[in-house]
Amino acid sequence: MEKIVVEGGHPLHGTVRASGAKNAALPILIATLLAPGEHRLTNVPELADTLSTLSLMGRVGCPSLMGPVVRLDTTRIAFHEAPYDVVRKMRASVLVLGPLLARHGEAKVSLPGGCAIGVRPIDQHLKGLEALGARFTLENGYVHGTAGKLRGAEIQLDMPTVTGTENILMAAVLADGTSVIHNAAREPEVVDLGRFLQSLGARIEGLGTSTLTIEGVARLAPGERPYAILPDRIETGTWLTAAAVTGGDVTVTDTDPELLRAVLAKLVETGCEITTTPTTIRCKGPDRPKAFRLRTDPHPGFPTDMQAQLMVVATLADGTSTITETIFENRFMHAAELLRMGARIEASGNTATIVGQPRLQGSPVMASDLRASAALVVAGLAAQGLTEVLRIYHLDRGYEQLVTKLRGLGARIGRVADDAHDPAVLRGALDASPDPTVPA
Ligand code: EPZ
């Protein structure tokens, strides 16, 4: 196991490329199950989660090749099970339910279980798929679904669940007749999945709105040209936040400002100078951020996946900020770690009050989930002295080449065995070779 070591106090400068969006790549890789044949995808980030998804596809009989152009052959589906050992590492595996039921008539997926940020049930997924004609039983921690030809239906979601919308959308495109999904998620990653499905021949109206209308078709086929995954808005926001807290000047390329308008507006409120072109965003951090109020909401509101990163900005702000988390019930674990760095944070229920301090102190901290771990790295970039972030397997799930990218911006950062404590070894890691190959 490894940890990240970062020496704070160096303003970040330069340009960094945003990789493709993990949360668009995962559903799109799985959606290839709907269209037998060879698929080609570009801008797929090389992450633990995307590699896990390709190995899951292999488990159902679809071989693939990772690379600048990812190739997937979904000509045949040999099995229909997503086993516990895969699902427990990656909840998004539940996305195989919709495609397997639509194309294969059967699917068996381990219940994902909760995770650090919340219980995260899949009741809406099952409700929507049952409305389309699937039948489910729960057996030994697995949800087992069977279906004949799915039939179009009207579905009202209790909340705009992202993967719930994606699962139901992927089933509806091959159903008989028309389906309407009300209270659908509007996240850009859902839109990208919809556009991918349209490239296979699916007929979908309303992408980006909360009402999706799907005309089922008899069959889908791989698109003519490789499909390019959209840029990762959360990775983009993470690098901009790093500029904000180090008083730096960072330009993110190969991104799209339209994907994270709420994040850009909040960074401007904290005193950042943001300039954009259609594919780049430049952020010049203030000497000291201003305090702010923030509330996470479904898209186009402020994304919950950027909440931890903005909390780091708040810990250094001139004044008192409040952050309200409305999506997940337990997404303040990073606060306890930031307290170790000298932050002043009080959380009660789903609201945190943060009294900004002039500086943070580097210290060993523990990552709890993907976005919290990125926030702790950002905090380390701003803190005085050395910060060690443990359990960075969370990071490898969602950030491609994180150490290499941050080094490219002038950060003093490296990876080292998590049992290394000798200061000489820790400092040596700041210059040693960055990111190894990604473990699946
Ligand atoms: C997606 O998770 C993302 N993951 C998450 O990103 C992101 O935080 C989340 O959407 C919210 O934007 C992927 O896209 C792979 P939800 P998802 O269903 O779909 C409740 C990251 O770091 N709910 O929109 O699982 C649920 O408990 C990850 O990349 C039900 O009650 O989130 C939560 O409170 C973390 N029943 C709320 O809805 C259901 O059937 C929103 O969850 C489904 C969800």
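For ligands, and for the atoms within them, numbers begin at 1 and follow the listed sequence. For this chain, numbers begin at 1 and follow the sequence in order. Hydrogens, waters and symmetry mates are skipped; everything else that's a heavy atom, side chains included, is used.
- Summary of contacts: the protein heavy atom closest to atom 18 (O) of ligand 1 is Thr161 OG1, 2.7 Å.
- Of all protein heavy atoms, the one closest to atom 4 (N) of ligand 1 is Asn23 ND2, 3.6 Å.
- Close approach of ligand 1 to Ile327 (heavy-atom distance below 4.0 Å) involves ligand atoms 33 (C), 34 (O), 37 (C), 41 (C).
- By the 4.0 Å N-to-carboxylate-O rule, Lys266 lies close enough to Glu269 to be salt-bridged with it.
- Between Arg261 and Asp256 no salt bridge is recorded (no basic side-chain N to carboxylate O distance below 4.0 Å).
- Under the 3.5 Å distance criterion, the side-chain polar atoms of Thr209 are matched with a main-chain donor or acceptor of Gly206.
- Applying the 4.0 Å criterion to heavy atoms of Gln124 picks out, from ligand 1, the atoms 36 (N), 39 (C), 40 (O).
- Atoms of ligand 1 found under 4.0 Å from any heavy atom of Thr304, numbered from 1 in the order shown, are 8 (O), 11 (C), 12 (O).
- With a heavy-atom cut-off of 4.0 Å, Asp123 touches ligand 1 through backbone and side chain alike.
- The side-chain hydrogen bond (donor to acceptor under 3.5 Å, both in side chains) test with Thr255 singles out one residue from Thr277, Asp232, Thr236, and that residue is Thr236.
- Proximity to Ile122 (heavy-atom distance under 4.0 Å) selects the following atoms of ligand 1: 39 (C), 40 (O).
- The protein atom (non-hydrogen) at minimum distance from atom 22 (O) of ligand 1 is Arg371 NE, 3.1 Å.
- The ligand atoms of ligand 1 that sit less than 4.0 angstrom from a heavy atom of Pro121 are 27 (O), 30 (C), 31 (O), 36 (N), 39 (C), 40 (O), 43 (C), 44 (C).
- Ion pair Asp418/Arg391 not flagged as a salt bridge, since none of the NZ, NE, NH1 or NH2 atoms sits closer than 4.0 Å to an Asp/Glu carboxylate oxygen.
- Close contacts of ligand 1 with Phe328, meaning ligand atoms under 4.0 Å from a residue heavy atom, involve 8 (O), 9 (C), 32 (O), 33 (C), 34 (O).
- A salt bridge links Arg412 with Glu7: the distance from a Lys NZ or Arg NE/NH1/NH2 to an Asp or Glu carboxylate oxygen falls below 4.0 Å.
- Counting heavy atoms under 4.0 Å from ligand 1, residue Arg331 touches it through the side chain alone.
- Of all atoms in ligand 1, listed by their number and element, those nearer than 4.0 Å to a heavy atom of Lys22 are 21 (C), 29 (O).
- Residue Glu166 places no N or O, backbone or side chain, under 3.5 Å from any N or O of ligand 1.
- Gly133 and Arg151 get closest at one heavy-atom pair: CA-NH2, 4.1 Å.
- Using a 4.0 Å cut-off between charged side-chain N and carboxylate O, Arg233 and Glu189 make a salt bridge.
- Classified by interplanar angle (parallel below 30°, tilted 30° to 60°, perpendicular above 60°), the ring pair Tyr227/Phe196 is perpendicular.
- No donor-acceptor pair under 3.5 Å is formed between the side chain of His394 and the backbone N or O of Leu390.
- One option in Thr163, Val162, Leu157, Asp369 has a heavy atom closer to atom 24 (O) of ligand 1 than any other, and that option is Val162.
- Near Leu370, the atoms of ligand 1 lying under 4.0 angstrom from a non-hydrogen atom of the residue are 22 (O), 29 (O).
- For atom 6 (O) of ligand 1, the closest non-hydrogen atom of the protein is Asp305 OD2, 3.0 Å.
- Among protein heavy atoms, the minimum distance from atom 25 (O) of ligand 1 is reached at Arg120 NH2, 3.0 Å.
- Distances between N or O atoms of Glu329 and those of ligand 1 include no value under 3.5 Å.
- With respect to the salt-bridge test (charged N to carboxylate O, under 4.0 angstrom), the residues Arg331 and Glu325 do not qualify.
- When Arg371, Glu235, Lys405 are each tested for a side-chain hydrogen bond (donor to acceptor under 3.5 Å, both in side chains) with Tyr399, only one passes: Arg371.
- Contacts with ligand 1 closer than 4.0 Å are made by heavy atoms of both the backbone and the side chain of His125.
- Which of Met90, Met159, Glu189, Lys127 comes nearest to atom 23 (N) of ligand 1 through a heavy atom is settled by distance: it is Met159.
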